[in-house]
Undergrad: 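So that we are looking at the same thing, I have put the structure below in structure tokens.
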There are 2 protein chains.
Amino acid sequence: MNLDLGGDFLNLLAPEYPEVLVRRYRLLRKIYYAAPIGRRTLAAYFLVGERMLRRDVDVLREQGLLMVEPRGISLTPFGETVLLAVMPYLKSFLGLTVMEEKLLKLLKVKRVIVVPGDLENDEVVLLEMGRAAARVLRECLVEGMVLAVSGGTSCAAVADMLPAAPGPPGIVVVPARGGLGEVADYQANTIAVQVAQKMNARYRQLYLPDSLSQATLQVLLQEKEIKEVIALINSARILLHGIGTAEEMARFRGAGRKEMERLARLGAVGEVFGDFYNCRGEIVERIPSLGFYLEELVKKVHNVIVVAGGKRKARAIVAVAGNHSRDLLVLDEGAAGEILKLYGAGEDSLFSPGSSSPPPGV
Amino acid sequence: MNLDLGGDFLNLLAPEYPEVLVRRYRLLRKIYYAAPIGRRTLAAYFLVGERMLRRDVDVLREQGLLMVEPRGISLTPFGETVLLAVMPYLKSFLGLTVMEEKLLKLLKVKRVIVVPGDLENDEVVLLEMGRAAARVLRECLVEGMVLAVSGGTSCAAVADMLPAAPGPPGIVVVPARGGLGEVADYQANTIAVQVAQKMNARYRQLYLPDSLSQATLQVLLQEKEIKEVIALINSARILLHGIGTAEEMARFRGAGRKEMERLARLGAVGEVFGDFYNCRGEIVERIPSLGFYLEELVKKVHNVIVVAGGKRKARAIVAVAGNHSRDLLVLDEGAAGEILKLYGAGEDSLFSPGSSSPPPGV
DNA sequence: GAAAAATGGGTCAAAAAAAGACCCACTGGG
DNA sequence: CCCAGTGGGTCTTTTTTTGACCCATTTTTC
């Protein structure tokens, strides 16, 4: 699709246009996810004045894209259609399509989806990523498969956005790891349940705290229930997981200051399943938790789907997906832009303010 | 190219954008043809305030598309590049591409080029049409061919825009008709000379007033000089001509009121070479002028190129090109839109104010 | 069922941007 | 040499935008 070039040319004639376009799109998207929602709530969300937001709402209402009712603002059916239909064009327009192509070359992934926006500015981006991943996830499901899901906000978003419709028969959903001291909503166990219920599938739980002494772990691993679940995990054909930054994950696991410094010295930037990766994708530290590690698992799994977003995760994503094969990577524009800025030819964008794009001059 | 749909979707989010886009494009184009040109002159041309025009100029200057110097405003090399490159995208954006496809089906022409804008609002459209026709014309030229050109402003524009570069050897340019009482610049003779000189080709002139008594005509036709030129005309392989509206042409030939009424009664709407066509493409009246008529000529000619624009010529164009084979029709958005409104599924556009496009609502 | 929170619509004044109408120094072609 | 035409600057007026409210109503919550 050679729309990009044309879009760029057209933008030279009306350089102020992309900004409003993106602003209105974000508005539309937010309403889609939060409807019915009020004017003031929206204004607070986007950190703009109430009146300013009102103007955009008025324009979009006049276009028949949204309706404003006493209970709040929502999309019209037409608005929903447009929101969905406009996505590929907007992606082309924003250069996300070429970003995807660049990332395909840069990373060791079979497929890349870049979602417009930045997780760190706009939380609906997380839902959007979840929706994208969920759609692909459903396509991958085959009768009788075991699906392993990890924890974290990203995976939770996938579960959230998964349409509630029966999947193929015989699917079993298992958590890909034990419980971490997280909020229940973001635990692998919780997410596994949610996914299974939406698809009307079976599920198993893994009651195994993540941070245990080796001795205790060995004892627990003899338990029949736990052994069974671990066997299931190891037989998974689909694996869905997120990526953590080394710093956040270490802090999260209650690492002391000494340990943090050690990780930094080792160059750890990304974390998955207790394994810490440096920027070249080498595992520099692993927290012995369960009897399996990601690397062995990944080799047997048919489809590995990764979901991660936000600028701050750029390095972590490259660390994990740069040298280890993944089948699908869903990320956001913020992370994608940062990755290309760090490791490839960077492209600045509109969603992430601060990096304005000066015209090429003559 | 499915850019149109995307453009439409994107326009739903920013409905005010197409207007500025077109306005800036017209500005750029006008400067291209009239550079160096001053702010005030431009403002007068577009019928807008000086300050308003200034803003657009400022924006485009900041984009590096044009430079403003003491002698006036002109395009930068980059601006010229953009102006040329943006054309196909703009045409898609404005729906001209689909217009071309519709016209191909509606009319009996092998190829259609619709130029953005309306001749009647913006005179550079004429030049733009001329440029488009000139480019194709040059492609058609083969060594030793005879090229017959007609008169009128449209053909004059083609001659104007023809790049001054030698064509294939042995080309002979002849006027396709005798002199009409027109301004010299628009006479077929003049245009033939201009075309020939630009291509460094030979040419012949036809000194034969268009409106003569049959008797006088017969005498003149015995002249060796004239017989030779007529023979050349009849051997032409390329024919370039415009289209006149019946009314204007009749008035132009000094028709009385009675004759005008007669033509109207006959349903004459278009005129070419003294032949008047009704809307079904039938010749309802012919002014005996030379020994040849268009129909016989067209059959022998390899390439017939027609250039005509302006809303008021819509009916005439259909009358001539609707039932008589033509190889290339160059027209403007105004005429194209009017034709489709009259004879096909009309599409309203931005160049022709007055026909705003309301959103489809829900 | 009542109270509380949130909704859209409206209004008004302040602020900012746009627009119009100039004047001025200067260039460049005739 | 002159003078029409040029861009730049500036002033005021007008329009638009923006912010900050209040109000009647609906919806939710307790």
Undergrad: Can you check the B:L53 CG to C:dA21 C1' distance for me, whole Å?
TA: 15 Å

Undergrad: Go nucleotide by nucleotide along DNA chain C from the 5' end; which of A:R71 and A:R51 gets its closest nucleotide reached first?
TA: A:R71

Undergrad: Enumerate the residues from residues 34-50 of chain B whose closest heavy atom to DNA chain D is under 4.0 Å, giving them by residue number; use none for an empty result.
TA: B:I37, B:G38, B:R39, B:R40, B:T41

Undergrad: In whole angstrom, what separates B:D56's CG from C:dG20's P?
TA: 12 Å

Undergrad: Considering residues, nucleotides and ligands other than B:E80, do more than 12 of their heavy atoms fall under 6.0 Å from its CD?
TA: yes

Undergrad: Would you call B:E50 and B:R39 a salt bridge, taking side-chain N to carboxylate O under 4.0 Å as the test?
TA: yes

Undergrad: Please tell me which of the listed nucleotides, C:dT11, D:dG8, C:dG20, lies nearest to the side chain of A:R54?
TA: C:dT11

Undergrad: Take the protein atom CZ of A:R55 and the nucleotide atom C1' of D:dG19, then report the distance between them rounded to whole Å.
TA: 14 Å

Undergrad: D:dG7 P sits how many Å from B:L66 CG, rounded?
TA: 11 Å

Undergrad: Please give, in whole Å, the distance from D:dT16 C1' to B:M52 CE?
TA: 13 Å

Undergrad: Whole-Å distance between C:dT7 C1' and A:I31 CD1?
TA: 14 Å

Undergrad: If you take all heavy atoms of B:L96 and B:V114, which pair is closest and at what distance?
TA: CD1-O, 3.9 Å

Undergrad: Take atom CZ of A:R61 and atom C1' of C:dT7, then tell me their distance rounded to the nearest Å.
TA: 15 Å

Undergrad: Using whole Å, report how far CD of A:E69 lies from C1' of D:dT28.
TA: 16 Å

Undergrad: Which of these passes side chain to side chain donor-acceptor pair (under 3.5 Å) with A:D58: A:R55, A:R54, A:R61?
TA: A:R61

Undergrad: So that I can tick it off, tell me whether B:E338 and B:R312 are bridged by a salt bridge, with the cut-off set at under 4.0 angstrom between side-chain N and carboxylate O.
TA: no

Undergrad: With the threshold set at 4.0 Å, does a side-chain nitrogen-carboxylate oxygen contact exist between B:R29 and B:D122?
TA: yes

